[in-house]
Trainee: 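Below you will find the structure I want to go over with you.
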Protein chains: 2
Amino acid sequence: MIKQHILVTVDNVIFTISENQVQVLLIKRNADPFKWTRAIPGWFVLESEDCEQAAYRELQEETNVKNVYLEQLYTFSDVKRDPRGRVISIAYMALVARENMTIKAGSDAAEANFFPIENLPKLAFDHKKILGYALQRLRRKIEYTNVAQYILPKKFTLSELQKVYEIVLGQDIDVRNFRKKVDKIWLVKATWEKEIGVKYRPAKLYKFVESKLKIVEVL
Amino acid sequence: MIKQHILVTVDNVIFTISENQVQVLLIKRNADPFKWTRAIPGWFVLESEDCEQAAYRELQEETNVKNVYLEQLYTFSDVKRDPRGRVISIAYMALVARENMTIKAGSDAAEANFFPIENLPKLAFDHKKILGYALQRLRRKIEYTNVAQYILPKKFTLSELQKVYEIVLGQDIDVRNFRKKVDKIWLVKATWEKEIGVKYRPAKLYKFVESKLKIVEVL
DNA sequence: CTAATAGTGTCTCTGAGACACTATCTA
DNA sequence: TAGATAGTGTCTCAGAGACACTATTAG
């Protein structure tokens, strides 16, 4: 065998939508390097777990989350990406409904908060690059799959579904064309319930019929 | 810092087309584990290089190749994927024109050969899984980008271009529809040359105008 | 002139996108 | 009844796919 000293981490780009914006979870680091700087949550992979397990474990450390979508993004391995030495990072992207999640600060963090992607603080390491990559993946993926369901609550209105697309893609979509597509392609079903507590005409609530990730032409 | 003993390798799935088949380069391992078993070429990442550099270096070790397309595929990290211990592998996919390449056996290999993907030998480690993943990526990518150019010689006939699609996708394509698409979307230009040495009507030779990878609707 | 591949145009159907009004609820 | 959002149908245009014959070359 060979002598090699490379450390392996995972980093989780955790997206959600709230306040009509795509938001990403960032921690404030409580240790050097980049002490007090914001960063994507991540940690070293244990020898007894694969990277995906590590990503889930890390996810549980920062959030209390159920029903999350997790996907491996890319492996970042620039020689100088970490001042402590040679560290590569396998980046994951997670999508969660805001309501399915509470935040706590993990062991490496002074605090953890969501930030709208339009207004990000300075980030540690190469995390800006990782985040850019994740956002690009999210935008592509939402166009040809039904991942959007992971960002929505179990029951949702079609307006909410549409809003997710408009927010992620950053452009308005015609209501009628959108609904035509949803009718044809998505596995959604109207429930008999309606929105409550709104001060206008309440919308029908829908639910997803299948929760599997499907490759579909959405827009 | 943390104590962690994980080794990091890169593995290259090198595709080409010859004899009307998609072929992949496999080595015969000359050392344990899996001695004499076929495997995707790969090696440990050096501490002084990032993974992409490692993949290129490895590529040069097995082949003499110019003008290759290389793309990171996925990182495989099953705890038990390597009997020697904890080893993760960042897999890359390479596409090369057969004419741009000669094969040599690298230091870890008794021999190196191309195998048609329809007829593969038993593979070491989790390389079957990696190969399956690569093939899937190739099929998707060829549909919405112009990567096909990397598999073709500098000058090629439209029939050859079409053949690449038919072989990779495993289905026939209508000649006229294919050419309409190529006209509209691709950056190809007819040269004034024609095929020589064929015993039938020689086809015009075309070349790619731009060599950048573009996202295009191809089929 | 035969064998073999190159090369070309039209029609149909489906899906994407533009577009505006009525319905229903709350307060 | 005013304010606010939900919800619905049609037309046009572009692109996808089905389809068959003529052109050119070597031998």
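Values in this document were obtained by computation on a predicted structure and should not be read as measured data. In what follows, chains are A, B, ... by sequence order, proteins preceding strands, each numbered from 1.
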Trainee: Can you list the residues that meet the ring pair (Phe, Tyr, Trp, His ring centres under 6.0 Å) rule with Phe156(B), with sequence neighbours excluded?
Mentor: Phe208(B)
Trainee: Between Lys66(B) and Glu99(B), does any NZ, NE, NH1 or NH2 come within less than 4.0 Å of an OD or OE carboxylate oxygen?
Mentor: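 A salt bridge is absent here (no side-chain N lies under 4.0 Å from a carboxylate O).
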Trainee: In whole Å, I'd like the distance from the OH atom of Tyr144(A) to the C1' atom of dA16(C).
Mentor: 21 Å
Trainee: Measure from CD on Glu193(B) to P on dT24(D) and round the result to the nearest Å.
Mentor: 20 Å
Trainee: Report the distance from atom CD1 of Ile173(A) to atom P of dA18(C), rounded to the nearest whole Å.
Mentor: 11 Å
Trainee: Is the Tyr133(B) ring parallel, tilted or perpendicular to the Phe76(B) ring (thresholds 30°, 60°)?
Mentor: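 Rings of Tyr133(B) and Phe76(B): perpendicular, as their planes differ by over 60°.
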Trainee: Only one of Lys154(B), Lys204(B), Lys155(B) passes salt bridge (charged side-chain N to carboxylate O under 4.0 Å, His left out) with Glu193(B); say which it is.
Mentor: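 Exactly one option meets the salt bridge (charged side-chain N to carboxylate O under 4.0 Å, His left out) with Glu193(B), and it is Lys155(B).
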Trainee: Can you check each nucleotide of nucleotides 5-15 of chain D against protein heavy atoms at under 4.0 Å and return B for base, S for sugar-phosphate only, - for none, in 5' to 3' order?
Mentor: BBSBBB-----
Trainee: Figure out the NZ/P separation between Lys199(A) and dT1(D), and round it to whole Å.
Mentor: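 Distance check: Lys199(A) NZ to dT1(D) P gives 22 Å.
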Trainee: Roughly how many Å is it from CG in Leu161(B) to P in dA6(C), rounded to a whole number?
Mentor: 13 Å
Trainee: Looking at side-chain heavy atoms only, is the closest gap between Leu205(A) and Thr157(A) below 4.5 Å?
Mentor: yes
Trainee: What distance separates Glu62(B) CD from Leu25(B) CG, expressed to the nearest 0.5 Å?
Mentor: 6.5 Å
Trainee: Taking only side-chain N and O atoms of Lys194(B), does any of them lie within less than 4.0 angstrom of OP1 or OP2 on dT25(D)?
Mentor: yes
